[in-house]
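See below for the structure under consideration.
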Amino acid sequence: MKLSVALFFAGLFAALAAVFTLLSFGTDYWLLVSETCDPGRSVGPGGVTVERGDVVVGEEAGDITTFYHEGFFWRCSFGANVDDKNLLWKLWFTNQPHSKVCVHAYLFPFPVSHQTHNATDYDSAIIYRGFWSIFMLIGVAAVVLGGFVIICAAPFASHQLYKAGGGLFLTSGLFLLCVVVMYVLWVQVLDVVNLYIDHQRSVLCPNFQLSLNYGLSFMFAPVGIFFCLLAGLLFLLIGRTIQIHYH
């Protein structure tokens, strides 16, 4: 009876782990960004400084905010004449315009580009993003494979399959934990964002402002990690119990 209850909760946690992991992997909302240039003092066409009160023909008046959202697969952007006081709501799935520009984000993390960073920083960013992508793929593959192994193990058919499934869920949780830590380091610790802001202020707009927030995809990842680790430990315990009492 106790073993059946443990198996029920382990299966529930495994299902939740798979759902949150796949949501984190498949939705492109790890990072939410807005870029704003204050029109009070900006750079106009031809690099001419535009002061407050000047009229620039051919450009819209007011703040033009560019919004980005980025995930594993895509980085998408669109512009709007709005502020970024509620960035999460502005970039909600149903609140976006019909047309926006999207580029592949597998190896091109925001905000690194050839224009804003030197060749060394750019190559280092590509390598860093490459490892991040590989860890993400391993974590997702492990949780999916672990689910199939557990399905094959039920009901109490093989303690080895339960142990293998538990090991795969633990592997997935550890790799996804590395993914989250690497992403936080990229956004908060490494100097790539500050370099981008300095470049934009020197070239585009002296009052350039950048706002960064973590999105729902990022928030799904720690939940998936928690359930992966919990399900993995329970399946290992179940496998050990079956080995002792039934073999």
*CG on L230 to CG on L16, rounded to 0.5 Å*: 10.0 Å

*Please examine the side chains of F13 and L234, heavy atoms only from C-beta on, and report whether any two atoms are closer than 4.5 Å.*
yes

_Heavy-atom pair of closest approach, residues L3 and I242_ = CD2-CG1, 3.9 Å

*Go through F73 and F25 one step at a time and tell me if the ring-ring contact (aromatic ring centres under 6.0 Å, His included) criterion holds.*
CA-CA 8 Å; F73 292 102; F25 173 69; 5.0 Å; yes

_Can you tell me how far apart OG (S77) and CZ (R75) are? Round to the nearest 0.5 Å._
8.0 Å

*Closest non-hydrogen atom pair between V149 and A164, with its separation*: CG1-CB, 4.2 Å

*Identify the two heavy atoms, one from F208 and one from R201, that lie closest to each other, and give their separation to 0.1 Å.*
O-NE, 2.9 Å

*How many angstroms lie between atom CH2 of W132 and atom CG of L137, to the nearest 0.5 angstrom?*
9.0 Å

*Report the C-alpha distance between S24 and W30 in whole Å, list the side-chain angles of each, state the deciding distance to 0.1 Å, and finish with yes or no for side-chain contact (heavy atoms from CB on, under 4.5 Å).*
CA-CA 8 Å; S24 178; W30 275 73; 3.1 Å; yes

*Going from CD1 on I197 to NE2 on H199, what distance comes out if it is rounded to the nearest 0.5 angstrom?*
13.0 Å

*May I ask you to test the L216-T27 pair for a side-chain heavy-atom distance under 4.5 Å?*
no

*asked:* What I'd like to find out is whether the side chain of S133 reaches to under 4.5 Å of the side chain of F72, using heavy atoms alone.
replied: yes

*May I ask whether F148 and L236 are part of the same hydrophobic cluster, defined by side-chain heavy atoms of I, L, V, M, F, W, Y residues being less than 4.5 angstrom apart, directly or through others?*
yes

*Does some side-chain heavy atom of I150 sit less than 4.5 Å from a side-chain heavy atom of Y162?*
yes

*Any chance the side chains of S34 and T65 put a donor and an acceptor closer than 3.5 Å?*
no

*asked:* Could you tell me if the side chain of L168 sits less than 4.5 Å from the side chain of F235, heavy atoms only?
replied: no

*What pair of heavy atoms forms the shortest contact from A10 to I238, and how long is it?*
CB-CD1, 4.0 Å

_Residues Y196, L210; criterion side-chain contact (heavy atoms from CB on, under 4.5 Å); working and verdict_ = CA-CA 9 Å; Y196 176 74; L210 184 71; 4.2 Å; yes

*Given side-chain contact (heavy atoms from CB on, under 4.5 Å), test V143 with C228 step by step and report yes or no.*
CA-CA 8 Å; V143 76; C228 277; 3.9 Å; yes

_Please give me the minimum heavy-atom distance between G146 and F169, naming the atom from each residue._
C-CE1, 3.6 Å

_Rounded distance (nearest 0.5 Å) linking atom SG of C76 with atom CG of D28_ = 6.5 Å

*Are I127 and F135 connected, step by step, through hydrophobic side chains (Ile, Leu, Val, Met, Phe, Trp, Tyr) whose heavy atoms are closer than 4.5 Å?*
yes

*Between F218, W74, Y29, which is the residue that forms a ring-ring contact (aromatic ring centres under 6.0 Å, His included) with H69?*
Y29

*Atom CD in Q243, atom NZ in K163: separation rounded to 0.5 Å?*
3.5 Å

*Out of curiosity, does Y68 fall in the hydrophobic cluster containing V101 (side-chain heavy atoms, cut-off under 4.5 Å, transitive links)?*
no

For residues 170-190, dump all side-chain donor-acceptor pairs below 3.5 Å to protein atoms at least two apart in sequence or in another chain.
{"residue": "T171", "atom": "OG1", "partner": "G167", "partner atom": "O", "Å": "2.8"}
{"residue": "S172", "atom": "OG", "partner": "G139", "partner atom": "O", "Å": "2.7"}
{"residue": "Y183", "atom": "OH", "partner": "E70", "partner atom": "OE1", "Å": "2.9"}
{"residue": "W186", "atom": "NE1", "partner": "F110", "partner atom": "O", "Å": "2.9"}
{"residue": "Q188", "atom": "NE2", "partner": "Y214", "partner atom": "OH", "Å": "3.1"}

*Do F20 and F226 come within less than 4.5 Å of each other through their side chains, counting heavy atoms only?*
no

